Chemist: 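One structure, pasted below without further comment.
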Amino acid sequence: TLVDGRDFLNTPLVKTVRFGGSVAETLAKHKLDAQIVSWLQEFRSCVTQLTKDHEQLIYTVLKLPWVGRSQAVVEEYMAFLGNLVSAQTVYLCACLKMVVFHFTPKRVTICEGGVDISDSDDEDENLPRNFDQCHRALQLITRYVPSTSRFLMPILQENFPFIQKSSRTLECYVHNLLRVTVYIPSIRRDILEVIIGKMLKLDVSASRSDIEEAEEKAVQNQRSEEQTEEGLFDMDEDVQADQPSRTAVMAHPVAERLDTLMAVLMAYIKDFCHVNGSLHVERTKELYRDLWGVFDKLILPTHGSCHVQYTLFYLCSFRLALAEAFLDHLWKILQSPSQPAILRQAAAGYLGSFLARARFIPVVTVRACLDLLVSWIHRYIDDQDKSGRQACCDISLHGPFYTGCQAVFYTLIFRHRAMLEGNMKKGLEYLQSLNLERVVMCQLNPLKVCLPSVTSMFAAITRKYQVVFCYTIIERNNRHVLPVVRSSAGGDCVTTNTNPLDSFFPFDPYLLKRSGQLIEPFYQVWEELVDTELLPAKTGQQGLREDEDDFLCGEMPQMEGIVGMTPGSYDSNIRSPSSVGSPSTAFQRLF
């Protein structure tokens with residue numbers, strides 16, 4: 001379980017020596033341990049008499065430094081906890097808070113340069129053992145008080161570190177929360193909800209443009225340093241070999257924390273779903289249902305998150321049935337009139353982006369989804385024609401329809417080549433059977449409100465294969481500058497916004513470096529096609545770098561700042577984190 005080339009908890013790097021170890025101190029510590037054991041034995045013998053009147057005494061005992069002490073102290077403390085919660089359940093919450101307090105590295109005061117500094121003791125080599133002891137204690141309490149989970153969840157939520165805390169502190173706490181789900185599965189979904197909720201706050205506070213800007217600056221600074229160094233001496237092989245570990249760290253501090261947590265969560269997903277290296281179908285279904293619920297409650301309504309949604313993307317890569325279930329779920333939201341329009345539009349964005357970007361989805365599934373989408377679009381047009389009303393480009397009335405159309409166009413842009421490979425004739429017959437020309441030519445005019453980049457590429461590809469001729473409509477739209485109407489309580493307003501749908505492609509390129517290595521094998525990057533040669537000259541795509549995911553890059557000047565307009569950021573030399581922070585199933589067998 002490696003992060004940055006080191007074991008997640010077992011082999012931390014040492015920053016400084018903080019504790020001495022003379023013989024006299026060792027003997028004194030041993031004597032203190034014996035005294036603590038004696039006290040605990042006495043408390044155990046009279047635990048039934050320790051009522052609410054003795055709470056100050058109990059709170060003092062709970063503050064005893066038992067974690068990390070000798071085996072005798074730990075075992076005696078465990079026995080005391082078991083007796084206490086059995087005889088005096090009034091102290092259950094106090095015991096739980098004490099255990100959860102140890103889920104993050106303790107803070108210590110160290111002296112550096114004659115100044116006392118409060119620092120997180122994240123380099124304590126005993127952290128793995130300490131965390132093991134905490135989970136043993138929590139399992140023991142759960143064994144004696146079956147209703148523990150009901151009281152534990154609020155405590156776990158209240159003690160979640162501020163998202164501004166260090167990556168290490170957040171990593172340890174999330175790791176320990178996920179370990180709890182192994183032996184208290186009844187709160188697994190609640191724990192995932194808390195973790196993902198915190199991660200979403202990190203995600204939306206670090207925009208795609210901010211992350212890319214920080215990375216670009218870091219690359220420029222590194223190049224400047226290398227040029228300076230080359231002027232002084234020749235870099236040897238050892239220095240060059242160190243480069244991947246340096247570049248594995250995100251330059252943006254919030255992105256770095258999010259990258260760490262994504263690596264922990266995805267490693268947990270992998271380890272939870274696999275037993276002895278093989279996918280465990282039932283366990284995978286259980287986790288999918290939990291993440292599905294969190295997706296509906298937190299992820300789907302969050303506009304502008306760039307990375308957290310990839311937890312479901314990664315889980316769906318394990319088995320096609322999961323991807324199909326996810327697509328079916330999104331489809332039901334999109335076509336349901338009872339759902340809020342904003343969620344239906346978000347579902348359409350997820351649907352199109354998932355179909356376009358997930359390499360593990362076969363063509364037959366893509367076609368099945370397109371059949372559903374296009375049939376729904378045609379029925380929508382039929383209903384508009386039957387109504388007898390003059391249809392107009394009103395996003396507030398037809399938002400789900402427009403996002404559904406854009407999902408179809410976006411999917412075809414990315415997957416048309418795969419659909420035509422093998423049998424061009426049958427592929428073209430299928431594309432023509434979709435009757436996309438009717439969609440493009442209808443009075444609702446979807447090309448007017450779709451992103452110009454999607455419209456231009458869709459028009460170029462469909463013209464090449466003579467499926468749809470869009471340019472007449474596009475030119476008319478540009479010439480007339482048809483108004484886009486938004487209805488509101490204050491009346492209708494007219495806008496010429498180039499992103500009127502507030503388009504959001506949730507599976508745009510993944511920017512986080514370490515956790516991104518788990519996504520890369522399953523991700524469909526945009527490949528520059530010969531189709532783009534048919535684009536009008538004004539699109540200016542010929543100057544783009546080959547290694548960019550440039551489908552939505554720089555096509556039109558007015559598109560700057562729109563979500564999804566940026567290139568990917570991958571580094572093939574970065575080590576892939578394998579099982580960072582995954583809990584051991586051995587905890588289930590302790591009692």
Side-chain angles (χ1 to χ4, degrees), residues 199-200 202-219 247-252 254-256 258-259 261-263 266 299 302-314 316-317 346 349-361 406-407 409-411 413-415 417-418 451 453-454 457 499 503-529 532 541 543-555 559-574 576-577:
M199 291 171 64
L200 279 171
L202 287 170
D203 203 356
V204 298
S205 65
S207 69
R208 182 176 293 275
S209 58
D210 288 344
I211 294 174
E212 290 177 326
E213 183 179 351
E215 289 299 315
E216 289 173 5
K217 287 182 179 179
V219 170
T247 57
V249 178
M250 299 297 299
H252 194 291
V254 175
E256 171 62 18
L258 183 60
D259 195 9
L261 298 188
M262 285 296 293
M266 288 198 284
I299 300 177
T302 302
H303 183 84
S305 63
C306 302
H307 302 97
V308 174
Q309 57 266 26
Y310 273 91
T311 51
L312 266 166
F313 185 100
Y314 181 59
C316 288
S317 71
Y350 270 92
L351 194 59
S353 194
F354 192 62
L355 287 170
R357 296 294 196 171
R359 293 177 61 182
F360 48 83
I361 298 179
Q406 182 162 266
F409 303 158
Y410 190 76
T411 301
I413 289 168
F414 274 84
R415 303 303 296 264
R417 171 172 282 185
L451 277 176
S453 51
V454 174
M457 190 64 70
N499 186 19
S503 297
F504 169 50
F505 297 102
F507 297 114
D508 270 357
Y510 193 93
L511 302 180
L512 306 179
K513 296 178 181 178
R514 285 163 294 167
S515 56
Q517 298 307 299
L518 296 174
I519 299 298
E520 187 175 15
F522 311 109
Y523 189 75
Q524 179 62 54
V525 298
W526 170 246
E527 298 175 351
E528 196 71 29
L529 304 175
T532 58
Q541 300 224 8
L544 295 168
R545 299 196 307 271
E546 293 181 358
D547 61 341
E548 288 183 341
D549 189 303
D550 53 24
F551 165 59
L552 293 177
C553 286
E555 182 195 299
M559 297 302 295
E560 291 180 8
I562 293 175
V563 174
M565 302 301 292
T566 49
S569 175
Y570 286 97
D571 185 342
S572 59
N573 296 320
I574 297 174
S576 171

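Everything quoted here is computed from the prediction, not taken from an experiment.
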Chemist: Tell me every residue that passes salt bridge (charged side-chain N to carboxylate O under 4.0 Å, His left out) with Glu213, counting only those two or more places apart in sequence or in another chain.
Modeler: Lys217
Chemist: Show the nearest heavy-atom pair for residues Gly349 and Pro506, with the distance to one decimal.
Modeler: O-CD, 3.5 Å
Chemist: Can you see which heavy atom on Gln517 is nearest to which on Glu520, and at what distance?
Modeler: OE1-OE1, 3.1 Å
Chemist: Is Arg357 close to Phe505 at the side-chain level, that is, under 4.5 Å between some pair of heavy atoms?
Modeler: no
Chemist: Could you check if a side-chain atom of Gln309 sits within less than 4.5 angstrom of a side-chain atom of Thr302, using non-hydrogen atoms only?
Modeler: no
Chemist: Could you tell me if the side chain of Tyr350 sits less than 4.5 Å from the side chain of Ile299, heavy atoms only?
Modeler: yes
Chemist: Using the rule given for side-chain contact (heavy atoms from CB on, under 4.5 Å), can you reason through Tyr510 versus Ser515, listing the C-alpha separation, both sets of side-chain angles and the distance that settles it, and then say yes or no?
Modeler: CA-CA 9 Å; Tyr510 193 93; Ser515 56; 2.8 Å; yes
Chemist: Could you report the tightest heavy-atom contact between Leu355 and Arg415, atom names first, then the distance?
Modeler: O-NH1, 2.9 Å
Chemist: If we only count heavy atoms from C-beta on, is the Met262 to Thr311 side-chain gap below 4.5 Å?
Modeler: yes
Chemist: Go through the structure and list residues passing side chain to side chain donor-acceptor pair (under 3.5 Å) with Ser207, not counting sequence neighbours.
Modeler: Ser209, Asp210
Chemist: Taking all atoms of both residues into account, what is the closest heavy-atom pair of Leu200 and Ser305, and its distance?
Modeler: CD2-CB, 3.8 Å
Chemist: Is it the case that the ring center of Phe360 lies less than 6.0 angstrom away from the ring center of Phe313?
Modeler: yes
Chemist: Can you name the one residue among Trp526, Phe354, Tyr410 that meets ring pair (Phe, Tyr, Trp, His ring centres under 6.0 Å) with Phe507?
Modeler: Phe354
Chemist: Between Ile211 and Val254, is any pair of side-chain heavy atoms under 4.5 Å apart?
Modeler: no
Chemist: Which heavy atom in Phe409 sits nearest to a heavy atom in Val454, and how many Å separate them?
Modeler: CB-CG1, 3.8 Å
Chemist: Under the salt bridge (charged side-chain N to carboxylate O under 4.0 Å, His left out) test, which residues partner Asp259, sequence neighbours left out?
Modeler: Arg514
Chemist: Just wondering, do Met266 and Ile519 contact through their side chains at under 4.5 Å, heavy atoms?
Modeler: yes
Chemist: Out of curiosity, Leu512 CG to Cys306 SG, how far, rounded to the nearest 0.5 Å?
Modeler: 8.5 Å
Chemist: Which distance, rounded to the nearest 0.5 Å, do you find between the CD of Gln524 and the OG of Ser353?
Modeler: 12.0 Å
Chemist: Quick one: are Glu212 and Leu511 in side-chain contact, heavy atoms under 4.5 Å?
Modeler: yes
Chemist: Any heavy-atom pair between the side chains of Met250 and Glu215 that's under 4.5 Å?
Modeler: yes
